[in-house]
Structures are given as structure tokens and as C-alpha cells.
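Notes follow once the structure below has been shown.
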Amino acid sequence: MVLGDLGKRITAAVRKMSSNPVFDEDVLNEMLKEIAMALMAADVNVKLVKTLRDNIKNVIDFEEMAAGLNKQRIIQRSVFTELCKLVDPDTEPYKPVKGRPNVIMFVGLQGSGKTTTCTKMAYYYKRKNWKACLVCADTYRAGAFDQLKQNATKAGIPFYGSYTETDPAVIAADGVDKFKAEKFDVIIVDTSGRHKQEESLFEEMLEVAHAVQPDQTVFVMDASIGQACEAQARAFSDKVDVGAVIVTKLDGHAKGGGALSAVAATGSPVIFIGTGEHIDNLEAFDPKPFVKKLLGMGDIDGLINKVNELGLDDNEELFKKMAHGHFTLRDMYEQFVNIQKLGPFGQLMEMIPGMGGGLLGPEGEKESAKRLKRCTTIMDSMHASELDCDNPIKLFQKQPSRFERIAKGAGVHPQHVSELLSQHEKFGKLVKKMGGMKNLFNDKPARGNQQPNPKQMADLTKSMANMMDPTILKQMGGMQGVQNMMSQFTAGGGGMGAMAGMGGLEGMMHAASGGAPGGKKRAVGGGGSKKKK
């Protein structure tokens, strides 16, 4: 999790305050002290920390507040609100419009990750089915065009540059004109990296801006410089109209909180944050969901939106099968593939309440993603008759040789095949429960008397909870946490696509738990050795 240590310290301070049997001014001051120390450790400016502390303290008056009010709950809400203010400049950034050329010019310091971020942003829009491309106008740094060319080729992004032309303004203008003629939606122009004091390069930046007339100028900055980001952002803003900021390397530096708050202080909105080296490690930044994930509160709305982007609402065949309680291995395969399309595993887990704050850790996230990939590889080694079988466990128990054949084809141990079938059995029972619930697969948010039967929802929630590792279940807030998540899925506008994505969500839980459903590894027969691998 980005800024995971900061989130853990703030959450611990709030929980300590909430669990205290006596809530008075001393308890409040102790919590504020711990939050202030955590923020300053993340290099947040001391003046901003003081403002946040004063605002939270002023929310509550111990002498005049009515005795029946929940003071702890009021303080919790205030902490969340003030943290949002800390990273929110309250300025709307430019939003690209699909169907017309949107020229976005990148500027930034040398070594901030600007060229890599250009490719990440183009890939972000490509995944959303926009026509995105890259133009290299960096003639100052040796190998800049080669780097952009290599990144773009790997990501499948069209690009333009020149080995012979030395005027960056000419290259930028030619590239933009070319891609405009080809009706690209997003045209990203990469410029030379520069330092605040290099006036000649600032002039070059202005020439490029004049040549391409960008719809938005994006300043890329390195989170490792912390609150010094404010001075850098102001220096660039004085020279060119900086419309938005991208903060990179937030995954590797404790000063990221200072960087985000410093940028917000300049009034420039942060539109993306870089969370890793891979091409999909770029997150759209929205203050409220970011703070929610920071505090381990999750972002179910964001997860629903991601699921809906897959277009599962159009899969009528799957809905009909699930509505009748049918769920084959092929259906489960499609759910796992869909989950892998949604983005990095760690980002998805942070959207589930209780799963943020770096619970799995970098190695745990890699291992969980590897388990999901292993499941799809095993199913890739199956015959169509096995994938479409109504009762695959019975089929495999009758013919145990199938375990060995599939394990050899997938390069795994037969036990892994056995665990996958056990997982599918659990999913199948869950889908049967879902199929028997009226109004669960409505294509509109549930309202009024169209809501599923409460007793059936409680039964479904219990079934989901039983599939989870006890540690994961506890992190999510127990049965009540799962119940809240289900309520948001059914009532939050997720539609049928979100409900169809529940199978993939359970797959994520399985991968995070590190084994078969419920955190226990068990075979279903014929799987060779029963020893744990």
C-alpha cells in the first residue's frame, strides 16, 4: 500500500481513541499528538499539520456538547475530512474528451520518471479503449527517444520521434499533427527533463508548448523530495500553465505524504500517482478514495466501477446460468481472467475494507497474483468436456488419471489441481444460493421492495465468510464487514455485472489466503500426495 506506514499509524491512533472507555480532552490530545507525529514523519509541512490538528480539535466542545452524542464517531469523521483536505486542492483538472484529440504535454525534473510515466498514462487510456499515442520531444538527454521507443513498443503504443531533427518544437508539432490526422484521442508529448535554475531549458519548454498548444500541461515530480515539491511546483507554474501533477515513486519513499500535501498547497490537482515500476502501476488519484484506502476503509465504489468497466453486464449467457445456479470451471476461468484485467493485485485488495495498509506486503501480493495465474494455467490444460462439466469433482474422482495429466500439462503438482476443484465446489454452492435469490441479478440498483430477501442475503453472506481465511475475515471486520460489502455491491449501482464479478472477488480472497477456501488445503481425491506444498 502506498504510504502504508502512515496509514497504519493514523488508524492505530484513532482505534486507540475509540476503544478508550473514557473520552476526554486528554485522550483527544494524545490521539492528535500521534497523528501529528505520523504526518511529520511522512514529511508533511508542520504548518499544515498544525492546521489539521486545530481543525479536528475545534470540531468538539467537551463542555457544551450533549451527553448523548457519540464524540468518538464525530472525531473519526473529522480526521477523515481533514486528511482529505490535506491532499485535495479543491481544483478540477482538465478531463480528456473521447472522440477528439487531447494534447497533453509532460514537463518535469530530470530523474523524476517522466518518460516512463508518459507510457504508463498512454497505457492507462489504451486499457479504457481510447486511441493513445506518444511523441518524444526530448532532444536534450541522450537515449531519451530510445527509451520511449522501447517502452511504447512493449506496451503496444504508437509513437513518434526523430534521430536527425534537433529542434524539439519541430518534432513535437510534426508528431501532434500526424496523430491528429489519424484521429487519436490522447496525444502525449514528452519534453526534456530540467532543473529549476536552467532558464534555457525553460525557454525550450515554452517553445514546445507554443508549437503544440496543449490542452493540459502535466508536471511530473518525484515523491522522494517530500515537501520540497511545493517549491518545484511553484517554479514550473510561474513559467508555464501547469494544469495537473503526477507524483511518482510513492511506493518507495516515506516522504510521499509530504509530496502530496505540498502539491495540494499549490492549488494544482494531482491526477495520477505512480505506485511501482510496472506499466500498470499508475493509479488515478481521487482524495476521498485515497484516504479511505490509506485508513483501511476500502473503496467498494471504485471496485464496482472497475468491475463494470469490464462490460460484464453484456454477458447475458453467464447471468442466465448464474440465475439458475449453474457455474462451471469455464465460468470460473472467465472470472479469474477478468480479475487479472482489473489491474495490479495489491491495488484491488486495497479497495476491500480491512485489506489496505500493506496487509499482504509486496511479496505477498506477488505470491497471491501467482496463485491466480496458476489457477488459470491449470484450467488451460483441461479439455472442453472438463471445463463444461456440471460436476467436475465427480468426474475426476471416477478417473483419477486426469489429475496427473492436467498437472503435467500445467507444470504443477496434482495437489494444486485438487485444490482448484475444491475451490470450484465452494463457488458452485455459493452460485446456487445466489441463483435462488429473487432480484439479486436485477440490472438496476436494488431499491425498496426489489431488494433481495434479508434472510437469504444473510445466508449468502455466511457462505462467503466461510470461504475466507479466518485472518482475512477478521481484517474485513468479521461477518458484519462482509455484510456491509455485499450491501454495497447489491445497492450501490453495481448492477448484474458487479454481482457476476463476485466469483472473481472470491478468487482474490482465495489467492490472498494462500490456499484453498477457508485457508485450509484439502484434496478431493485422486490428487496424488496429500502433503502440503
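Only heavy atoms go into these numbers, but all of them, side chains included; no hydrogens, no water, no symmetry mates. Quick caveat: nothing in here was measured; it's all calculated off a predicted structure. Each residue takes its place number in the sequence, starting with 1.
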Aromatic ring pairing Phe179/Phe184, orientation class (parallel under 30°, perpendicular over 60°, tilted between): perpendicular
Qualifying residue for salt bridge (Lys or Arg N to Asp or Glu O under 4.0 Å) with Asp190, from Lys114, Lys120, Lys149: Lys114
Arg77 CZ to Glu82 CD distance, which is reported to the nearest 0.5 Å: 13.5 Å
Exercise: identify the closest heavy-atom pair between Ala211 and Ala169: CB-O, 3.7 Å
Side-chain touch Thr217/Asp241, heavy atoms, less than 4.5 angstrom: no
Shortest non-hydrogen contact between Thr119 and Ala155, atoms and distance: CG2-CB, 4.1 Å
Residues Asp146 and Arg141 bridged, charged N to O under 4.0 Å: no
Spatial distance of atom CE (Met205) from atom NE2 (His210) [nearest 0.5 Å]: 15.0 Å
Working for side chain to side chain contact (heavy atoms under 4.5 Å, CB included), residues Gln227 and Leu48: CA-CA 11 Å; Gln227 59 182 284; Leu48 297 175; over 6 Å; no
Student check: side-chain heavy atoms of Ile187 and Ile104 closer than 4.5 Å: no
Ser78 side-chain N/O to Ile74 backbone N/O, donor-acceptor pair under 3.5 Å: no
NZ/NE/NH1/NH2 to OD/OE distance under 4.0 Å, Glu30 and Lys33: no
Separation between CG of Leu250 and OG1 of Thr275, rounded to the nearest 0.5 Å: 8.0 Å
Near-ring test Phe272/Tyr124, centroid separation under 6.0 angstrom: yes
Residue Gln150 excluded, over 12 heavy atoms near CD under 6.0 Å: no
Residues Glu34 and Lys16 bridged, charged N to O under 4.0 Å: yes
Met121 vs Phe106 side-chain heavy atoms within contact, under 4.5 Å: yes
CG-CG distance between Leu39 and Asn45, expressed to the nearest 0.5 angstrom: 11.5 Å
Side chain to side chain contact (heavy atoms under 4.5 Å, CB included) between Asp174 and Glu165, worked out: CA-CA 11 Å; Asp174 289 346; Glu165 178 60 59; 5.9 Å; no
Heavy-atom donor-acceptor pair, Thr376 side chain to Lys373 backbone, under 3.5 Å: yes
Check: Phe219 and Val107 side chains under 4.5 Å, non-hydrogen atoms: yes
Exam field: side chain Ser112 to backbone Gly108, donor-acceptor pair closer than 3.5 Å: no
Under 3.5 Å side-chain donor-acceptor pair for Glu204 and Ser192: yes
Smallest separation among heavy atoms of Thr166 and Thr139, with atom names: O-OG1, 3.4 Å
Pairwise side-chain contact, Arg100 with Asp215, heavy-atom cut-off 4.5 Å (strictly under): yes
Heavy atoms of other groups near Glu182 CD, more than 12 under 6.0 Å: yes
Polar side-chain atom of Gln147 near backbone of Ala144 as donor-acceptor pair, under 3.5 Å: no
Residue among Trp130, Tyr125, Tyr94 satisfying side-chain hydrogen bond (donor to acceptor under 3.5 Å, both in side chains) with Asn102: Tyr94
Cationic N near anionic O, under 4.0 Å, Lys98 to Asp185: no
Lys131 atom NZ: more than 12 heavy-atom contacts under 6.0 Å: yes
Six-ring centre of Tyr160, Lys178 cation under 6.0 angstrom, axis tolerance 45°: no
Spacing of Thr117 atom OG1 and Lys249 atom NZ [to the nearest 0.5 Å]: 9.0 Å
Thr248 side chain to Asp222 side chain, donor-acceptor N/O pair below 3.5 angstrom: no
Check: Leu260 and Val247 side chains under 4.5 Å, non-hydrogen atoms: yes
Non-hydrogen atoms of Gly226 and Asp43 that approach each other most closely: CA-OD2, 3.2 Å
Positive for side chain to side chain contact (heavy atoms under 4.5 Å, CB included) with Met17, one of Ile75, Ile35, Leu28, Leu32: Ile75
Ile157 CD1 to Cys133 SG distance, which is reported to the nearest 0.5 Å: 9.0 Å
Side chain to side chain contact (heavy atoms under 4.5 Å, CB included) between Val176 and Val189, worked out: CA-CA 8 Å; Val176 170; Val189 181; 3.8 Å; yes
Residue pair Leu6 / Ala42: nearest heavy atoms and the distance that separates them: CD2-CB, 4.1 Å
pair Val245-Val218: side-chain heavy atoms closer than 4.5 Å: no
Asn281 (side chain) donor-acceptor with His278 (main chain) under 3.5 angstrom: yes
Flag side-chain contact, heavy atom, 4.5 Å: Arg127 against Asp280: yes
Polar side-chain atom of Asn58 near backbone of Asp54 as donor-acceptor pair, under 3.5 Å: yes
Verdict with reasoning, Gln216 to Ile271, per side chain to side chain contact (heavy atoms under 4.5 Å, CB included): CA-CA 12 Å; Gln216 182 182 46; Ile271 55 172; 4.3 Å; yes
Closest contact, heavy atoms only, Val87 versus Ser261: CG1-N, 4.5 Å
